[in-house]
A.B. asks: 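Before I ask anything, here is the structure I am working with.
Reminder, nothing fancy here: chain letters follow the sequence lines and each chain counts from 1. What you see is a predicted model; the values in this text were computed from it and never measured.
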2 protein chains.
Amino acid sequence: MLQDGYAAVSSRSVAAKVGINAPLVHYYFPTIDDLFVAVLRRRADANVERMAEALASEEPLRAWWRLASHPRGSALFVELIAAANHRPALQAAVGDYAREVRRMQMDRLSSLLGEYGLDPVELPPALVAAAVQGLAFALVADQVAGHDTATDEAHAGMDRLLDRLEARRRAGSAG
Amino acid sequence: MLQDGYAAVSSRSVAAKVGINAPLVHYYFPTIDDLFVAVLRRRADANVERMAEALASEEPLRAWWRLASHPRGSALFVELIAAANHRPALQAAVGDYAREVRRMQMDRLSSLLGEYGLDPVELPPALVAAAVQGLAFALVADQVAGHDTATDEAHAGMDRLLDRLEARRRAGSAG
DNA sequence: GGGAAAGTTGAACACGTGTTCCAACTCGGT
DNA sequence: ACCGAGTTGGAACACGTGTTCAACTTTCCC
């Protein structure tokens, strides 16, 4: 799926990949949509867990960013989101997942922004959450597509920004 | 394409849409890839122009944001980017376009960040550009997919943030 | 061991796809 | 009138798709 895009996923192609034949994948996943939804759910559940850990960790923002900007993980979600475009069942599942994660992030941010020295009025949680996620997606998407859009610079800039923010939070909690 | 996703675009479907039949679309666009590339280029050229205007306008950041967060425009690009996944020719064209736009944005930002009272060291142009674009994409994508991820809140927050930034720039240029 | 349940397969159906070939048509210029 | 270039349409090819069906094999329980 990461190699050839979601469009290359068919009952026969995945059957060949795992050494069985087509009808058997329909035995386990009656519909191809079911297959996609299962893949999404598996990955989504794992990610919700990891996101919870990240947000509860020592350096929440950095951990969140590391998770969000992880190439393989995000690339798969990009693919699934694209596939969801014309697959209502998958689209609904993606929506559920997006809503859950977004809620987690916003809840945590509401108490976290102050610690990082950010004004929650100037930068509301909904905006920060969407920005972090969107930025990560943009960078990952450009990276996997091979577009040369200064992603290195952006990544480096984000790392430095995180250094400063996490330092500010440490200083605040210490003082 | 916006209704049914890029996967619904076939020689026959577009032929039916314009009241001709399939071989004729191959007469004009020998390959379906050519069709996609043509659509991309048309839209991309228009967008490059609009982006140039936006960046040169009275309130560059707000204009940029308005352009980037425009639902129909961005939704089409989301679709094209997804389609590009397994269409090398289209992918290359998307890359060219992304690179051009990103360069425009970064060039302008390098002289603009200071005017907005932002530190170009703390927030390098590459990061800001990717963030704006990524945020817009995330919001538009969630919106068109119907995911309820507090996009209203995020939009409102961004509007207020832009108000403050543009005000700051006005004040700076006046004083 | 027997029989039921679970698992697995080959063949096929109907369909939509990109694309090609060729015949037909339109239409402007001479 | 006619001819040639540009344009359009019908039919078809080979292919991959989702899915179903009936048959076969394996596994497991009694």
A.B. asks: Please classify the nucleic acid contact of A/S11 as base, sugar-phosphate, or nothing, using heavy-atom distances under 4.0 Å.
C.D. replies: base
A.B. asks: Are B/H70 and B/F77, when compared by the centres of their aromatic rings, separated by less than 6.0 Å?
C.D. replies: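 No; B/F77 has its ring centre 6.0 Å or more from that of B/H70.
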A.B. asks: Report yes if a donor N or O on one partner sits less than 3.5 Å from an acceptor N or O on the other, where the partners are the side chain of B/R12 and the base of C/dG16; otherwise report no.
C.D. replies: no
A.B. asks: Less than 4.0 Å between a side-chain N and a carboxylate O, is that true for B/R87 and B/D33?
C.D. replies: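 Result for this pair is yes, salt bridge flagged.
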A.B. asks: Considering only NZ, NE, NH1 and NH2 on the basic side and carboxylate oxygens on the acidic side, decide whether A/R160 and A/D163 come within less than 4.0 Å.
C.D. replies: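 The answer is no: the pair does not qualify as a salt bridge.
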A.B. asks: Looking at B/S10, does any N or O in its side chain come under 4.0 Å of the phosphate oxygens OP1/OP2 on C/dG16?
C.D. replies: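 It does not, given that no N or O in the side chain of B/S10 lies less than 4.0 Å from OP1 or OP2 of C/dG16.
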A.B. asks: Scan residues 17-35 of chain B against DNA chain C and write down, sorted by residue number, each residue with any heavy atom closer than 4.0 Å; if none is found, say none.
C.D. replies: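 Within residues 17-35 of chain B, the residues near DNA chain C are B/P23, B/H26, B/P30, B/T31, B/I32.
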A.B. asks: Are there over 12 heavy-atom neighbours, none belonging to A/R164, within less than 6.0 Å of that residue's CZ?
C.D. replies: yes
A.B. asks: Taking all non-hydrogen atoms of both residues, which atom of B/A98 and which atom of A/H147 are closest, and how far apart?
C.D. replies: CB-ND1, 4.2 Å
